[in-house]
Asker: 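The structure follows.
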Number of protein chains: 2
Amino acid sequence: MDQNETITPYQFLTEAEAVDARQSIPAEREVMALSEFLKIFGDATRVRILGALRDKELCVGDIAALLDMTPSAISHQLKMLKSAKLVKYRREGKTLFYALADEHVHSIMEIGLEHVRE
Amino acid sequence: MDQNETITPYQFLTEAEAVDARQSIPAEREVMALSEFLKIFGDATRVRILGALRDKELCVGDIAALLDMTPSAISHQLKMLKSAKLVKYRREGKTLFYALADEHVHSIMEIGLEHVRE
DNA sequence: TTTATATTTGAACAGTTGTTCATCTGTTTG
DNA sequence: CAAACAGATGAACAACTGTTCAAATATAAA
């Protein structure tokens with residue numbers, strides 16, 4: 001039998017390297033949460049909404065007018081943005097004002113823009 | 001006629017504010033490129049692949065073995081990762097070794113993980 | 001209370017996505 | 001050359017996504 005021959009499911013990785021590679025993959029719970037979170041940025045309408053909210057909180061109707069879409073469509077998207085904690089909101093009478101939730105959103109948009117501009 | 005009354009499609013925004021808000025939305029070309037780019041991160045399999053490639057280049061077969069998936073499924077995903085420039089590759093004989101393309105990928109994964117861990 | 005306004009919600013539908021399976025291309029070895 | 005292997009590709013199908021439309025809430029004003 002060959003000196004270094006061991007049966008593994010891998011073509012090039014040793015078992016030790018496979019252990020390392022596996023450890024650099026985030027835990028299953030994190031993989032799911034991360035992909036769900038980043039998925040939110042993967043839609044043109046949501047990117048536009050996030051862009052519009054960059055400097056100023058806005059109500060649903062005004063976002064709809066800015067993007068030339070129906071309040072219903074915007075509301076559906078805000079629901080996703082809200083549940084993924086990309087935006088927060090406050091009520092004033094009949095009106096709900098939405099704003100970016102935190103700096104992570106800004107950072108990801110900025111890095112993403114850098115990438116696509118290169 | 002009221003002093004400050006002007007007909008606008010907006011509920012709260014003045015025309016000047018609407019101009020500002022519209023300017024903070026990236027240009028249409030960038031919105032599309034950015035959402036297409038970030039969409040790539042929005043899938044658990046692709047997040048796992050990117051995780052596995054964090055420290056070390058890997059061939060298709062070994063990625064498939066690590067994730068317990070078929071080489072075909074991995075190849076389809078690598079095609080997307082490649083065309084969005086998240087990974088690069090080099091050939092060695094029959095084997096193709098894939099690696100992360102640049103630091104943007106790392107950054108977005110890190111910021112995303114920070115976000116979902118909070 | 002009735003009416004109007006701002007937003008949300010749920011069902012429905014077309015369009016998109018990820019995996020499988022069979023097949024094909026490219027490379028090395030005999 | 002043919003056989004074997006690594007990976008890519010295209011069609012197909014179920015599962016998912018975003019928008020529309022109609023209807024429901026919630027708040028404010030009459």
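All figures in this text were calculated on a predicted structure; none of them were measured in a lab. First the proteins, then the strands, lettered A, B, ... as listed; each starts at 1.
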Asker: Check the phosphate of dA4(C) against Lys94(A), side-chain N and O only, distance under 4.0 Å to OP1 or OP2. Yes or no?
Answerer: no
Asker: State whether Gln11(B) places a side-chain N or O below 4.0 Å from either non-bridging phosphate oxygen (OP1 or OP2) of dA6(C).
Answerer: yes
Asker: Quick check on side-chain contact (heavy atoms from CB on, under 4.5 Å): which of Ile74(B), Leu81(B), Leu86(B), Val87(B) does Tyr98(B) satisfy it with?
Answerer: Val87(B)
Asker: Kindly say whether, by distance alone, the side chain of His76(B) makes a donor-acceptor pair under 3.5 Å with the base of dG7(D)?
Answerer: no
Asker: Is Tyr10(B) close enough to dA6(C) that one of its side-chain N or O atoms is under 4.0 Å from OP1 or OP2 there?
Answerer: no
Asker: Below 3.5 Å, does any donor atom in the side chain of Ser75(B) face an acceptor in the base of dT9(D), or the other way round?
Answerer: no
Asker: Look at all strands and tell whether Phe97(B) reaches a base, only sugar-phosphate, or nothing, counting heavy atoms closer than 4.0 Å.
Answerer: nothing
Asker: Among residues 37-63 of chain B, which ones have heavy-atom contacts with DNA chain D below 4.0 Å?
Answerer: Cys59(B), Val60(B), Gly61(B)
Asker: If we ignore hydrogens and angles and just use 3.5 Å, is the side chain of Ser35(B) paired with the main-chain N or O of Val31(B) as donor and acceptor?
Answerer: yes
Asker: Would you say that more than 12 heavy atoms from the other residues, nucleotides or ligands in this model lie under 6.0 Å from the NZ of Lys88(B), or not?
Answerer: no
Asker: Please check: side-chain N/O of Arg46(B) versus main-chain N/O of Ile40(B), any donor-acceptor pairing under 3.5 Å?
Answerer: yes
Asker: Taking any heavy-atom pair under 4.0 Å as a contact, classify Thr95(A): base, sugar-phosphate, or nothing.
Answerer: sugar-phosphate
Asker: May I have the list of side-chain donor-acceptor pairs in residues 48-65 of chain A shorter than 3.5 Å, sequence neighbours left out?
Answerer:
unit_1   : atom_1 : unit_2   : atom_2 : d
Arg48(A) : NE     : Glu28(B) : OE1    : 3.4
Arg48(A) : NH2    : Glu28(B) : OE2    : 2.7
Arg54(A) : NH1    : Ser24(B) : O      : 3.4
Glu57(A) : OE1    : Arg90(A) : NE     : 3.0
Glu57(A) : OE2    : Arg90(A) : NE     : 3.2
Glu57(A) : OE2    : Arg90(A) : NH2    : 2.5
Asp62(A) : OD1    : Gln11(B) : N      : 2.6
Asp62(A) : OD2    : Phe12(B) : N      : 3.0
Asp62(A) : OD2    : Leu13(B) : N      : 3.1

Asker: Which of these, Val105(A), Leu38(A), Ile111(A), sits in a side-chain contact (heavy atoms from CB on, under 4.5 Å) with Ile111(B)?
Answerer: Ile111(A)
Asker: So does Thr70(A) reach the base of dC21(D) with its side chain, donor to acceptor, closer than 3.5 Å?
Answerer: no
Asker: If you compare every side-chain N and O of Gln77(A) against the phosphate oxygens of dT17(D) (OP1, OP2), does one of them come in below 4.0 Å?
Answerer: no
Asker: So, is Tyr89(B) near the phosphate of dA8(D), with a side-chain N or O under 4.0 Å from OP1 or OP2?
Answerer: no
